[in-house]
Amino acid sequence: MLFAVNMDVRIPADLDPQVKADTIAREKAYSQQLQKSGEWRHIWRCAGQYSNLSIFDVADNERLHEILWNLPLFPYMDVQVTPLAQHPSDIALSTD
Ligand SMILES: O=C(O)CC1=CCC(=O)O1
């Protein structure tokens with residue numbers, strides 16, 4: 001199942017710099033592990049924002065929830081999830 005996930009990162013200004021650096025490093029390692037496994041298909045920076053737009057390919061809603069809930073930055077994020085369906089105009093689906 002494909003999902004588009006928008007993550008807006010809102011780290012408090014008064015968060016300890018070492019905790020912030022450690023959390024961001026753990027976020028990167030966690031994300032890259034899931035990219036290698038194929039569940040985190042794409043990650044794009046939303047230009048001009050501390051946000052990303054990511055595409056996940058996971059077995060079900062529960063697996064997506066597990067992945068998002070365990071993001072090290074999750075406590076500092078606003079997350080929006082959009083389930084994706086095939087578009088009928090997608091030329092990849094065309095039999096013509
Ligand atoms: O910087 C971000 O957009 C938050 C984030 C998600 C995965 C990652 O490595 O950083």
- Is there a path from Ile43 to Tyr50 through hydrophobic residues (I, L, V, M, F, W, Y) whose side chains come within less than 4.5 Å of each other? yes
- Message: Tell me if the CD atom of Gln35 is crowded by more than 12 foreign heavy atoms within 6.0 Å.
- Response: yes
- Apply side-chain contact (heavy atoms from CB on, under 4.5 Å) to the pair Leu68 and Val81, showing each step before the final yes or no. CA-CA 10 Å; Leu68 299 177; Val81 175; 3.9 Å; yes
- Over all atoms of both residues, closest heavy-atom pair of Ser37 and Leu34: OG-O, 3.0 Å
- Verify same cluster id: Leu84, Leu53 (apolar side-chain graph, 4.5 Å): no
- Message: Please check if the number of heavy atoms outside Ile91 that lie under 6.0 Å from its CD1 is greater than 12.
- Response: no
- Could you go step by step and tell me if Val79 and Asp8 meet the side-chain contact (heavy atoms from CB on, under 4.5 Å) rule? CA-CA 6 Å; Val79 178; Asp8 294 324; over 6 Å; no
- Message: Quick check: is Val19 connected to Phe74 through a chain of hydrophobic side chains (ILVMFWY, heavy atoms under 4.5 Å apart)?
- Response: yes
- Task: For residues Thr82 and Phe3, determine if any side-chain heavy atom of one lies less than 4.5 Å from a side-chain heavy atom of the other.
- Result: no
- In short, Tyr76 meets Pro12 closest at the heavy-atom pair CD2-CD, 3.5 Å
- Task: Please report the closest heavy-atom contact between Glu39 and Ile67, naming both atoms and the distance.
- Result: OE1-CD1, 3.9 Å
- Task: Any chance you could lay out the side-chain contact (heavy atoms from CB on, under 4.5 Å) test for Glu27 and Met77, step after step, and finish with the verdict?
- Result: CA-CA 12 Å; Glu27 180 86 6; Met77 282 179 172; 3.4 Å; yes
- Interatomic distance, His42 atom NE2 to Ile55 atom CD1 [nearest 0.5 angstrom]: 6.5 Å
- Item | Pairs where residues 65-84 contributes a residue and the test salt bridge (Lys or Arg N to Asp or Glu O under 4.0 Å) is met, not counting sequence neighbours | Arg10-Asp78, Arg63-Glu66
- Message: Quick check against the 3.5 Å criterion: does Tyr30 have a side-chain atom that pairs as donor or acceptor with the backbone of Ala25?
- Response: no
- Chi angles and distances behind the side chain to side chain donor-acceptor pair (under 3.5 Å) call for Trp40, Ser31: CA-CA 7 Å; Trp40 195 324; Ser31 169; 4.7 Å; no
- Query: For the side chain of Trp69 and the backbone of Leu71, is there at least one donor-acceptor N/O pair under 3.5 Å apart?
  - Reply: no
- Tell me, which pairs form a salt bridge (Lys or Arg N to Asp or Glu O under 4.0 Å) where one or both residues lie in residues 11-24, sequence neighbours left out? Asp22-Arg26
- I would like to know whether Ser54 and Asn6 meet side-chain contact (heavy atoms from CB on, under 4.5 Å); could you show each step before the answer? CA-CA 6 Å; Ser54 290; Asn6 181 257; over 6 Å; no
- Query: Is there a path of hydrophobic side-chain contacts, each under 4.5 Å between heavy atoms of I, L, V, M, F, W or Y residues, that connects Leu64 with Met1?
  - Reply: yes
